[in-house]
Amino acid sequence: MPDLRKDPVSQRWVIIAQERAKRPSDFVHEPMGEAPSFDPFAEGNEDKTPPEIAAYRDRGSAPNKPGWRVRVVPNKFPALQVEGHLNKRGDGLYDIMHGLGAHEVIIETPQSVPSFTGLPDAHVLDILWMYRDRLLDLQRDMRMKYGLVFKNVGASAGATLYHTHSQLICTPIVPSIMSIKTQSCEAYYKFHERCLLCDMVAQELSQKARVVADSGSFLTFAPFAPRFPFETWIVPKPHSSHFETLGRVAMEELAFVLKRVLLKIEKGLEQPPYNYMLFTSPFHTGPSEHFHWHLEITPRLTPVAGFEWGTGFYINPVPPEDAAEFLRGVKV
Ligand SMILES: [Zn+2]
């Protein structure tokens with residue numbers, strides 16, 4: 001009998017269809033592809049991107065020249081643009097506003113590689129510091145209400161370039177997924193006087209079946225109601241509402257944890273397409289006792305089709321308990 005399970009944070013239902021259970025090798029996906037003959041993100045091609053917004057550089061190197069480790073540029077084809085005013089208005093019963101926002105690309109290394117998992121931990125740490133720096137800088141703009149850092153790897157996960165990179169999109173409204181998450185957490189807190197994600201971490205630690213890795217300050221686990229096979233969350237164990245407030249020791253640990261869980265996914269599932277999304281608190285909000293930041297990694301091994309679009313439910317053939325057991329066993 002399949003399970004219908006509800007994720008308490010996103011309020012989404014999923015169908016865990018165990019009789020459709022598959023082994024990791026049963027999923028087919030497109031290969032990662034070869035390095036392109038021309039890579040606009042590679043060192044030496046700085047003039048092929050829009051001028052940089054920020055970079056970690058060797059001392060003495062000039063902007064938009066070689067000598068950088070992590071480099072941020074505006075997206076050449078931005079979904080939203082930073083200039084102008086919102087001009088909120090109605091058109092009859094319809095709402096409309098200008099597409100104001102920011103859309104940045106974080107080029108994670110000068111090397112033409114498809115993933116940062118082959119880079120030293122100290123370099124992954126630099127990538128995370130850049131996420132923090134850009135979020136802190138963009139939230140000084142009071143027109144912006146939310147910033148999402150995300151990553152697409154592989155064509156079917158939305159990546160259009162081979163060279164490893166992340167993106168940051170700021171929006172002038174809080175996106176509906178984030179609104180539902182904050183409302184769920186607030187409602188749970190009002191009823192229980194405890195944080196939902198803190199309780200989730202405690203329960204996952206005691207039940208153990210869905211834990212992938214427990215590193216001290218971060219718990220990596222398969223959520224109870226995952227949308228996708230091998231969906232994995234990283235949640236800080238001490239309560240924290242804002243990723244941007246992480247200190248040096250915790251950020252170092254996060255770099256270690258993130259790299260290793262991605263290595264497990266890449267090695268165990270044979271370089272699958274995947275996304276990750278960093279859910280931190282909306283901008284201009286102080287420390288919150290009910291929202292708890294987290295990072296969601298979603299391998300894209302199953303298609304999203306009519307049933308998912310029509311119901312908001314997802315069908316997942318791999319129970320998270322099996323996914324966690326498999327990922328625990330992948331040696332990296
Ligand atoms: Zn918490």
Side-chain angles (χ1 to χ4, degrees), residues 9 49-57 68-75 78-83 86 99-109 116 122-152 164-179 181-182 185 197 217-218 233-236 238-259 262 275-297:
V9 189
T49 63
E52 70 194 39
I53 296 167
Y56 297 152
R57 300 189 145 277
W68 51 278
R69 303 189 303 285
V70 181
R71 182 167 182 259
V72 182
V73 299
N75 192 300
L80 296 165
Q81 298 194 349
V82 81
E83 297 86 15
L86 266 181
L100 186 82
H103 190 173
E104 301 183 351
V105 178
I106 297 145
I107 307 171
E108 295 164 351
T109 169
F116 64 60
H123 195 106
V124 179
L125 178 62
D126 270 347
I127 297 166
L128 297 181
W129 283 132
M130 190 59 93
Y131 291 174
R132 183 200 66 160
D133 286 0
R134 294 312 304 144
L135 284 166
L136 288 175
D137 186 46
L138 284 158
Q139 60 193 267
R140 290 189 311 195
D141 185 337
M142 297 307 285
R143 300 170 305 169
M144 307 296 179
K145 297 288 190 287
Y146 194 68
L148 179 77
V149 174
F150 63 99
K151 183 180 207 21
N152 304 332
T164 186
H165 64 284
S166 315
Q167 300 182 61
L168 198 171
I169 287 196
C170 282
T171 51
I173 47 174
V174 177
S176 53
I177 287 182
M178 192 59 204
S179 290
K181 281 175 179 273
T182 51
C185 292
L197 269 290
S217 296
F218 291 91
W233 293 7
I234 299 176
V235 180
H239 180 79
S240 166
S241 56
H242 289 72
F243 160 82
E244 308 89 280
T245 59
L246 274 191
R248 187 179 58 80
V249 173
M251 199 69 95
E252 279 175 1
E253 187 176 329
L254 180 61
F256 180 91
V257 168
L258 176 62
K259 177 175 148 178
L262 292 178
N275 303 103
Y276 68 61
M277 290 80 62
L278 174 63
F279 293 100
T280 186
S281 288
F283 289 174
H284 321 127
T285 56
S288 155
E289 290 185 316
H290 52 81
F291 187 76
H292 190 133
W293 77 263
H294 52 284
L295 187 136
E296 299 182 3
I297 306 165

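Residue indices begin at 1 and follow the sequence shown.
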Any donor-acceptor pair under 3.5 Å linking the side chain of His103 with the backbone of Ile169?
no
Less than 4.0 angstrom from a charged side-chain N to a carboxylate O is my criterion; do Glu253 and Arg248 meet it?
no
Under 4.5 Å between any side-chain heavy atoms of His292 and Cys185, yes or no?
no
Looking just at side-chain N and O atoms, do Asn152 and Tyr276 make a donor-acceptor pair shorter than 3.5 Å?
no
Would you indicate whether the side-chain heavy atoms of His123 and Val70 approach each other to under 4.5 Å?
yes
Non-hydrogen atoms of Ser241 and Ser281 that approach each other most closely:
O-OG, 2.7 Å
Could you walk me through whether Tyr56 and Trp129 satisfy the side-chain contact (heavy atoms from CB on, under 4.5 Å) test, starting with their C-alpha distance in whole Å, then the side-chain angles of each, then the deciding distance to 0.1 Å, before giving a yes or no?
CA-CA 10 Å; Tyr56 297 152; Trp129 283 132; 3.4 Å; yes
Any side-chain heavy atom of Pro51 within less than 4.5 Å of one from Val73?
no
Where is the tightest heavy-atom contact between Phe218 and Pro236, given as atom of each residue plus distance?
CD2-CA, 3.6 Å
What closest approach, in Å, do Pro172 and Leu86 show between heavy atoms, and which atom pair accounts for it?
CB-CD2, 3.5 Å
Measuring from atom OH of Tyr146 to atom OG1 of Thr182, what distance do you get when rounded to the nearest 0.5 angstrom?
9.0 Å
Specify the closest pair of heavy atoms between Pro282 and Val174, including all atoms of both residues, with the distance to one decimal.
CB-CG2, 4.1 Å
With side-chain contact (heavy atoms from CB on, under 4.5 Å) as the test, would you mind laying out the steps for Arg134 and Gln139 before giving the verdict?
CA-CA 8 Å; Arg134 294 312 304 144; Gln139 60 193 267; over 6 Å; no
Kindly give the heavy-atom pair with the smallest separation between His290 and Ser288, and that separation in Å.
N-OG, 3.1 Å
In Å and rounded to the nearest 0.5 Å, what is the CD1 to CE distance from Ile53 to Met130?
10.0 Å
Would you indicate whether the side-chain heavy atoms of Phe279 and Leu148 approach each other to under 4.5 Å?
yes
Tell me, do Phe116 and Leu258 make a side-chain contact under 4.5 Å, heavy atoms counted?
yes
Spacing of Arg132 atom CZ and Glu244 atom CD [to the nearest 0.5 Å]:
9.5 Å
Look at the side chain of Thr280 and the backbone N and O of Trp293, then say whether any donor-acceptor pair between them is shorter than 3.5 Å.
no
Mark yes or no: Lys181 above the aromatic ring of Phe291, with NZ or CZ under 6.0 Å from the six-membered ring centre and no more than 45 degrees from the axis.
no
Any side-chain to backbone donor/acceptor pair from Gln167 onto Val149? Under 3.5 Å, distance only.
no
Output yes when a side-chain donor or acceptor of Lys151 lies under 3.5 Å from a complementary backbone atom of His165, and no otherwise.
yes
Mind checking the CG-OH spacing from Leu278 to Tyr131? Nearest 0.5 Å is all I need.
8.0 Å
Looking at every heavy atom in both Pro50 and Pro74, which two are closest together, and how far apart are they?
CG-O, 3.5 Å
Counting C-beta onward and ignoring hydrogens, is there a side-chain heavy-atom pair between Leu254 and Glu252 closer than 4.5 Å?
no
Given side-chain contact (heavy atoms from CB on, under 4.5 Å), test Leu135 with Asp133 step by step and report yes or no.
CA-CA 6 Å; Leu135 284 166; Asp133 286 0; over 6 Å; no
Return the CD1 to CD distance between Ile234 and Glu296, rounded to the nearest 0.5 Å.
11.0 Å
With distance as the sole criterion, is a donor-acceptor pair present between the side chains of Thr285 and His242 under 3.5 Å?
yes
Heavy-atom distance under 4.5 Å between the side chains of Leu168 and Leu138, does that happen here?
yes
Quick one: are Thr171 and Leu80 in side-chain contact, heavy atoms under 4.5 Å?
yes
Which distance, rounded to the nearest 0.5 Å, do you find between the CZ of Arg143 and the SG of Cys170?
10.5 Å
Worked verdict on Val9 versus Trp233 for side-chain contact (heavy atoms from CB on, under 4.5 Å)
CA-CA 12 Å; Val9 189; Trp233 293 7; 4.3 Å; yes
